[in-house]
Amino acid sequence: MSEQQQRRDGKFGDYGGQYVPEALMPAIEELTDAYERYVLGNEDGFMDEFRRRIRDFGGRPTPMGRADQLSERYGTEVYLKREDLLHGGAHKLNNALGQCLLAKYMGKERIVAETGAGQHGTATAMAAAHLDMPCEIYMGRRDINRQRPNVFRMRINGAEVTPVEVGRGTLKEAINETMRDWATTVETTHYIIGSIVGPHPFPSMVRDFHRPISAETKRQSREAFGRLPDAVVACAGGGSNTMGIFSEFVDPRDSDPEGVDDVDLYAVEAGGSTLDVDEERGVAPNSASLSTGTEGVLHGARTKVLQDTDGQIMESHSVSSGLDYAGVGPELANLVEEGRVDAVNVDDDAALAAFHRLSQTEGIIPALETAHAVAYLEQHDDPSELGEYVVINVSGRGDKDLAAAMEETAGRDLPNAPEMDVFDGEGLR
Amino acid sequence: MSEQQQRRDGKFGDYGGQYVPEALMPAIEELTDAYERYVLGNEDGFMDEFRRRIRDFGGRPTPMGRADQLSERYGTEVYLKREDLLHGGAHKLNNALGQCLLAKYMGKERIVAETGAGQHGTATAMAAAHLDMPCEIYMGRRDINRQRPNVFRMRINGAEVTPVEVGRGTLKEAINETMRDWATTVETTHYIIGSIVGPHPFPSMVRDFHRPISAETKRQSREAFGRLPDAVVACAGGGSNTMGIFSEFVDPRDSDPEGVDDVDLYAVEAGGSTLDVDEERGVAPNSASLSTGTEGVLHGARTKVLQDTDGQIMESHSVSSGLDYAGVGPELANLVEEGRVDAVNVDDDAALAAFHRLSQTEGIIPALETAHAVAYLEQHDDPSELGEYVVINVSGRGDKDLAAAMEETAGRDLPNAPEMDVFDGEGLR
Amino acid sequence: MSGGTGESRIPAAFESEPAFVPYLAAGDPTFEASLAYVEALERAGADVIELGLPFSEPIAEGPTIQQAVVRSLDGGMTVERYFEFVAALDVDVPLVCMTYYNLIYQYGDEEGPEPFVERAAAEGIDGFVVPDLPAEEAGPLRAACDAHGRDLVSIVAPTTRDDRLQRLVDLSSGYLYVQARLGVTGARASVSDRTTESLARVAETGTDLPRAVGFGISSFEQARDVIAAGADGAIVGSALVDIVAEGHAEDRPPEETAAELEALGRELKEGALAAAEPEASQAD
Amino acid sequence: MSGGTGESRIPAAFESEPAFVPYLAAGDPTFEASLAYVEALERAGADVIELGLPFSEPIAEGPTIQQAVVRSLDGGMTVERYFEFVAALDVDVPLVCMTYYNLIYQYGDEEGPEPFVERAAAEGIDGFVVPDLPAEEAGPLRAACDAHGRDLVSIVAPTTRDDRLQRLVDLSSGYLYVQARLGVTGARASVSDRTTESLARVAETGTDLPRAVGFGISSFEQARDVIAAGADGAIVGSALVDIVAEGHAEDRPPEETAAELEALGRELKEGALAAAEPEASQAD
Ligand SMILES: Cc1ncc(COP(=O)(O)O)c(C=O)c1O
Ligand SMILES: Cc1ncc(COP(=O)(O)O)c(C=O)c1O
């Protein structure tokens, strides 16, 4: 399928598409048009402004540096691409800023977004404040009460945070509620989706806003070791940091496409506590939709989904809330199907151990999501087989995860967990 | 006084010097020698390695971007130098990484540092982990229990955190305790001081590790608006971010010294609740040592100090724990005395309002320290008098301050404070 | 129940008089009670019944129907039980299955809508409304409906522009679901101007498909007003589901809830009919 | 008290026999009690008394003395009260004021050490030990001491290299405070090898200044050992302050604490003397 076609109908092989209520279709068409004109066509210098702002406000390019201790441990040169240094502490801002700016170019007056753990919500709140746009974030009640610092941040940035009281009060209820808001306000409002999921043009557009990760990685690899890496490893929830760092290796648009096909790409999913599924209760104790999901339609796109045999979406689980999602981006699903990307997974314990390992040996506290990517090297029988140069995408920092990581660590038997007895009695939060 | 002399005896006019126990003097001499050889002389390529690591690990250069909303509000072009994007979330890493690396070059085997709110401690813990050095951080018991997330971070990075139980259990007790450790272990251990304070060579050395802030600001100003700014504004506690962004304007070492004398420099101190002092109780309800302090000897250097008429050091106060210090760097004290730097101050209320203003209008949640610098523009009768181009040093991000800022905000009548009623009943922490 | 594998009975339902088209989620809150509720609506004069097959991610529903979906799923509703429910219903009106595409797509061994449509047709479903399936993706389902003589009802939104409108009209059979206003399902107080506008735009396409208006209709007056505005039918969901929800919350006997549903149903049907009588609409 | 503005009495104190040099923080925990404690130490045989003037940032002190400083400051100690304290003391031994430079520097109207030294001399202080004042910064204080006939005692650390050592020797008068080991003040169990080494290095400079060893001496044996190692005096601080702290914590009558201080003081003085008698040091 030619790229041009891909742009038009948003299909990636059998995946993708636009499964949304008719009321939203005109907005989706308008957005598709805006995506093609502004993002792909740089109309009115949109991409120039985006690049300027993501540099001056966001902090691009983010650095890529050698992990001295990990390189020694694994007998291969390990480099870290530092999206944790982007403003807000994760890759998320690339997309939030891009879409917020696009909404402005489209003449929209208001932003809505869903958030689970709060990462996408905080990035959106920052971008909206930066561009002087009113913004409302939907967040499940349970998540609000679990993720107070992120709610603080959104409120402090001036965003409305609207609790979603129905159901379990987590991400999927928030997505449903945001869709509802959008279906009501679509004429004046833009919905900023938080990953490469949802109906076309979201998966392509979100990927393109994250594309600089990949372009920089190529350039920085050539600067650091004179060639492209042998392998690139990224965690995958929805898959935006993943496609962000993969895209120029999969579909090069920069001036330097040579050799990209030789780069192995690994998408590391959350294996949770086990890959087994409780069909009876409709619960997957993992979020490994690429590894264990089946084809289905979720949140506007056909993709790999954790679902029961009827097609009801299952509750997913992961120690990392940002990976805790029952679907995955359609483009990534297709790349796995085509064999271009390897879908692998690591469990909660391995991710927590990697969280502590990277913190202790490299001085970088990663997000628990990122810790999954780091853990993959440890899980590998012989990481040197990955090649001579391996780049890990450090998608975010772990400050948001401190309390969760400590609580989860306390309940497990991890050899490298720090003791916390410096505190006076009180609990960990 | 020539620069060479300044380097040798560490005097800045009447300020500076080396007021330390004899047991430490040999270490101070050794350090002075190392500073001159490695930092000033780039022996063994020390500075090359420092520059590489602060780039790849730290994320330098940090961006400088226009603050659109503030520029409009103040009728002058306001630019933000983004040290909040440095790894760890503040300028602190420049120094922590530099000293940790220096300790390595000097053959030291262990790092100690004091910390108050935990910013310098977390930066040191990160740098030590990155360079594979054991590290011990002294922190007052009261601070430990107030700053749990930062203690988490240090422990997660593998640092020992040793509670200091004596006295009020805050920064000054921690400094005393770290000095004691160093006095005992000086042969194998390096003490990383957290600001441009302490005995020579610390003030000069810490400044030099922060010097890139200033060099980048010059270059980025020329890129963004074709010339140097008219004014540079930075908050001042000890004064390390301050001298970091001032140094190339005061004593240019880069290739481009022209015009630096025309740049006005503002050091914004914490005015606390009032500039008045309670001599009776030995308490200053502010930390404005440049504005209201007198010459004295504190923590190894002669400088401006908050003290009673006997010379006993007063308890300082500020809503921002990183500014809450009774002294200030001797170089800064001298520059104020010479009239090269203007010492100004803003009170707690103004700083909190600026915290919310920058968050809401620019999408950047600043550290409460930084908020003082931002507040100065609001305090000014006519900010456009500051000149056409004003650069503010955003010394750090506010994630560490969320709980404190919300608590302090709740107790005041700030017009721009966000409501927090989205939470279910419970308290703010 | 009657129906079965013949042709869809929907077109006939709109022929004689303005239609009353109620919606309920099958199995809300229990299989048995829900059967009684649907049957009560037939007694009230329903001309077509939209029968929700609950999906775990009901992105087009407001909170009222979302909660109905949760109750039904909690009550053990599955696709298989849904078909058993349809089979067990003792009503003689056309039935429209309202659900989300993933459940249709997953049914049967190979992926695609055909097995679901075949089975539904066999159990007595006459047509389908699939809120997350726009015209662009509806080809395979349309084909399956054609193969099994079923109708595919499309939703026309207030935001639907003319090019899309023509496409929807071309795609649809049975009737057009004209969405009265932006937003999601849920009872509202008044009928919006956009309804009139939408109906007019549909009329301009020259289609002879019946137009049923839904989203927010909850009273005699609203049913009357939408028919007066040119609709051929009034679709009512949340107002009825509210009664089920209240009965469940208050633990009322199902017969009582059924009676309430029947009463509101009658009122709505009368509203629809009232508009058709010249006096009534003039009196307005 | 006696003393006054004549010459320092310190040199004479080391002339006849090994000296016992106790330290207490003036005013710990109260003015009155502290007077009694210092006097008890004189009775015990103190040859020189180091009298701490508390400073809010005692960076060279261990926790024991740091707490003494806190108690004294909490008890209302100020520079003025300190001089009153010295004046009120009824002892006849040389007194050394041990404090930090900022208090010396701030005293009087213009900044600089002279007014403080003048006043201290007038009240009966014979010399000064200033732990945070290295040779590099000591010029002005040395000059003031010379002007008023007072001694300036320097601390020699185990880390002090030979070039610095010579400088310290040249700077000092009264005696040299030889720091027994690295670290800060505080009682320890044994005497380190480094003490012996330091004493030897000081001897090599050819100075005839007396050498008093401090840091960690708390018992008869330790006092004896440091003298045996070549010291001219044993400085004891934390071990005595511990007694004051305990008395304070347990709320004992001051006389009781004074008696305990006197008892330990005697033991320490005897330890120092024991080393001077050949039999005792051989018996070791
Ligand atoms: C730091 C970080 N990494 C990864 C993810 C997963 O999202 P995605 O797979 O879209 O990159 C998240 C989501 O919140 C995140 O915060
Ligand atoms: C963000 C930030 N800014 C400023 C300061 C004040 O330190 P200095 O005056 O040395 O820059 C601190 C100290 O913790 C800080 O964390």
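Sequence lines set the chain letters: A, B, ... in the order given, protein chains first and strands last, and positions in each chain run from 1.
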Chain A heavy atoms under 4.5 Å from C:Glu136: which part of the residue, side chain, backbone, both or neither? side chain
Do other residues, nucleotides or ligands put more than 12 heavy atoms under 6.0 Å from C:Asp208 CG? no
Engaged part of C:Pro58 at the chain A interface, taking heavy atoms whose separation is under 4.5 Å: both
Could you tell me which portion of C:Val70 (side chain, backbone, both or neither) has an atom closer than 4.5 angstrom to a non-hydrogen atom of chain A? neither
Does a salt bridge link C:Asp146 with C:Arg142, judged by any charged N lying under 4.0 Å from a carboxylate O? yes
Quick check for you: among A:Thr294, A:Val305, A:Asp310, A:Asn176, which has the greatest number of heavy-atom pairs under 4.5 Å with chain C? A:Asp310
Residue A:Thr178 versus chain C: region with a heavy atom under 4.5 Å: neither
Please test C:Asp170 against C:Gln166 for side-chain hydrogen bond (donor to acceptor under 3.5 Å, both in side chains), starting from the C-alpha separation and ending with a verdict. CA-CA 6 Å; C:Asp170 295 347; C:Gln166 192 57 53; 3.0 Å; yes
Is it the backbone or the side chain of C:Pro131 that comes under 4.5 Å from a heavy atom of chain A, or both, or neither? backbone
Does the pair C:Glu137/A:Arg302 count as a salt bridge with the N-to-O cut at 4.0 Å? no
May I ask you to list the residues in residues 186-198 of chain A that approach chain C closer than 4.5 angstrom, counting heavy atoms only, ordered by number? A:Val186, A:Glu187
Passes side-chain hydrogen bond (donor to acceptor under 3.5 Å, both in side chains), C:Ser173 versus C:Asp151? Steps please. CA-CA 5 Å; C:Ser173 64; C:Asp151 284 317; 2.7 Å; yes
Which atoms of A:Ile175 come close to chain C, meaning under 4.5 Å heavy atom to heavy atom: side chain ones, backbone ones, both, or neither? neither
Backbone of A:Gly140 reached by a side-chain donor or acceptor of A:Glu173 within 3.5 Å: no
Ion pair check, C:Arg201 and C:Glu204, cut-off under 4.0 Å: no
Please determine if C:Glu197 and C:Arg194 form a salt bridge, counting it only when a charged side-chain N lies under 4.0 Å from a carboxylate O. no
Given A:Ser318, A:Ser291, A:Ser287, the one that forms side chain to side chain donor-acceptor pair (under 3.5 Å) with A:Glu269: A:Ser291
Heavy-atom proximity to chain A below 4.5 Å, by part of C:Tyr107: neither
When only pairs under 4.5 Å are counted, which of C:Thr78, C:Thr160, C:Asp132 shares the most heavy-atom pairs with chain A? C:Asp132
Show your working on salt bridge (charged side-chain N to carboxylate O under 4.0 Å, His left out) between A:Glu22 and C:Arg164 and close with a plain yes or no. CA-CA 9 Å; A:Glu22 173 58 25; C:Arg164 295 193 58 81; 2.9 Å; yes
Select, from C:Ile104, C:Leu168, C:Val130, the one with the greatest count of heavy-atom pairs under 4.5 Å involving chain A. C:Leu168
Let's test your reading of the structure: which of A:His299, A:Met314, A:Met25 forms the most heavy-atom pairs below 4.5 Å with chain C? A:Met25
Please confirm whether C:Tyr101 and C:Phe116 have ring centers closer than 6.0 angstrom. no
